[in-house]
Student: 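Handing you this structure, nothing more for now.
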Amino acid sequence: MNSKDERVLNKFKQYLQIQTVHPNPNYEEAIKFLENYSKEFLLNFESFELVKDNPIGHIFIEGTEPNIPSILLNSHIDVVPADTNNWKFDPFSAKEEDNKIYARGTQDMKCVGIQHLESIGRLVESGFKFKRSIHITFVPGEEVGGHVGMEMLVKSGIIKKWNIGVAFDEGLANPSEKFTVFYGEKAPWWILFTAEGNVGHGSQFIENTAIQKIYSVMTKLTEFRNKQLEILKKDPNKTISDVHTLNITQIKAATPSEKSINVIPSKATLACDIRITPKKSMEEIQKLIDEICESCNVQYQFLQHTPINNLTDLESQWFKTFESSCKELGIEIEPQIFPAATDSRYLRQLGIPAIGFSPMNNTPILLHGNNEFLDRDIFLKGVHYFMKIFSDISKI
Ligand SMILES: [Zn+2]
Ligand SMILES: [Zn+2]
């Protein structure tokens with residue numbers, strides 16, 4: 001192991017140890033860490049807030065042709081919670097066993113954040129001159145919808161100002177020898193249904209209660225969910241990205257006093273997480289929601305809505321160059337549609353081709369799961385892959 005590799009492994013572990021976990025991510029410490037790390041490569045680092053207490057880290061390297069479209073390397077700083085009781089080690093200790101580093105964020109996606117910075121830092125250090133300008137961003141809030149991070153970067157006009165030609169963001173591990181690359185993703189729609197209904201004594205036959213209405217909503221949503229699963233199961237060539245998914249993730253109803261089991265509450269809510277495949281029209285889903293609201297006499301609101309879902313053109317010069325870099329590296333890639341959501345959707349909405357790539361082959365997909373880990377050698381190889389990919393793509 002050479003000293004550069006030792007160093008980047010330590011950086012990776014330090015970043016993992018910073019508790020940027022919801023619901024109270026420590027962004028301040030992460031930004032300080034990223035700033036110091038950038039300074040070691042003499043990279044220009046700034047941080048700014050578009051939403052209070054949600055800092056965005058930004059490294060800018062001006063290209064020798066600063067007016068042609070630039071390259072964006074984006075990662076999110078935040079991670080989802082981890083239930084310590086179900087882990088082998090403390091999920092924020094970054095403990096290593098059999099060459100595997102265990103921590104929340106090893107796969108999703110602190111690995112990629114470090115790899116972006118380290119690969120660009122090494123190239124700059126070696127005297128490599130980028131033709132295209134490079135923007136590296138570290139954004140908050142991806143795991144809770146991206147509203148305080150990437151969505152704001154887009155809405156504020158900053159992304160437009162940066163004149164981005166191509167963006168890189170997260171992907172997923174692949175348990176085989178191959179690497180998965182994402183050229184699109186499902187559109188997340190998070191919906192909150194609200195029912196209001198009759199109240200009364202818990203001993204009576206009260207009609208049209210809020211809970212009965214929400215129960216009907218649940219039945220209809222579950223029917224839809226089961227139909228999608230059936231479509232998927234029937235055809236062995238289909239993957240989860242070919243169908244919509246739907247999960248009911250919250251149900252709430254109670255009188256203000258939870259002890260009052262004999263009082264029928266006036267209000268009930270249900271939240272569901274729908275992921276719409278870009279292979280089918282969104283209209284079908286909107287119709288389903290409207291039909292449910294009409295027939296069950298409930299209201300709805302979007303907690304998350306992606307009205308446009310663009311794909312990255314696999315024939316574009318950007319993707320073709322990425323593909324040929326991988327070929328030269330001797331790694332095989334499998335282009336796919338991301339089954340969940342990433343910040344790439346905000347970029348693709350602007351028509352920016354985004355490539356979702358987390359270089360993790362021979363690795364089980366453990367994002368958001370227990371004992372999330374990444375092998376140290378796979379992580380280190382990723383730095384080299386990115387060096388080649390970014391230097392190639394900056395030349396076109
Ligand atoms: Zn992620
Ligand atoms: Zn995630």
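Order of listing sets the numbers, starting from 1, for every ligand and every atom in it.
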Student: State whether a side-chain donor-acceptor pair under 3.5 Å links Lys110 with Thr20.
Tutor: yes

Student: Apply side chain to side chain donor-acceptor pair (under 3.5 Å) to the pair Asp108 and His76, showing each step before the final yes or no.
Tutor: CA-CA 8 Å; Asp108 183 13; His76 61 81; 3.0 Å; yes

Student: Sort by chain and number the protein N/O/S atoms that are closer than 2.8 Å to the Zn ion (ligand 2), and list them.
Tutor: Asp108 OD2, Glu143 OE1, Glu143 OE2, His368 NE2

Student: Could you tell me the separation between the CD1 atom of Ile214 and the CD atom of Gln212, rounded to the nearest 0.5 Å?
Tutor: 12.0 Å

Student: Can you name the ring-ring contact (aromatic ring centres under 6.0 Å, His included) partners of Tyr385, sequence neighbours left out?
Tutor: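 With sequence neighbours excluded, Tyr385 shows a ring-ring contact (aromatic ring centres under 6.0 Å, His included) to Phe179, given in chain and number order.
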
Student: Give me the ring orientation class for His135 and Trp162: parallel if the planes are under 30° apart, tilted from 30 to 60°, perpendicular past 60°.
Tutor: parallel

Student: Identify the residue among Phe182, Phe168, Phe322, Tyr183 that makes a ring pair (Phe, Tyr, Trp, His ring centres under 6.0 Å) with Phe357.
Tutor: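 Exactly one pass, corresponding to Phe322.
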
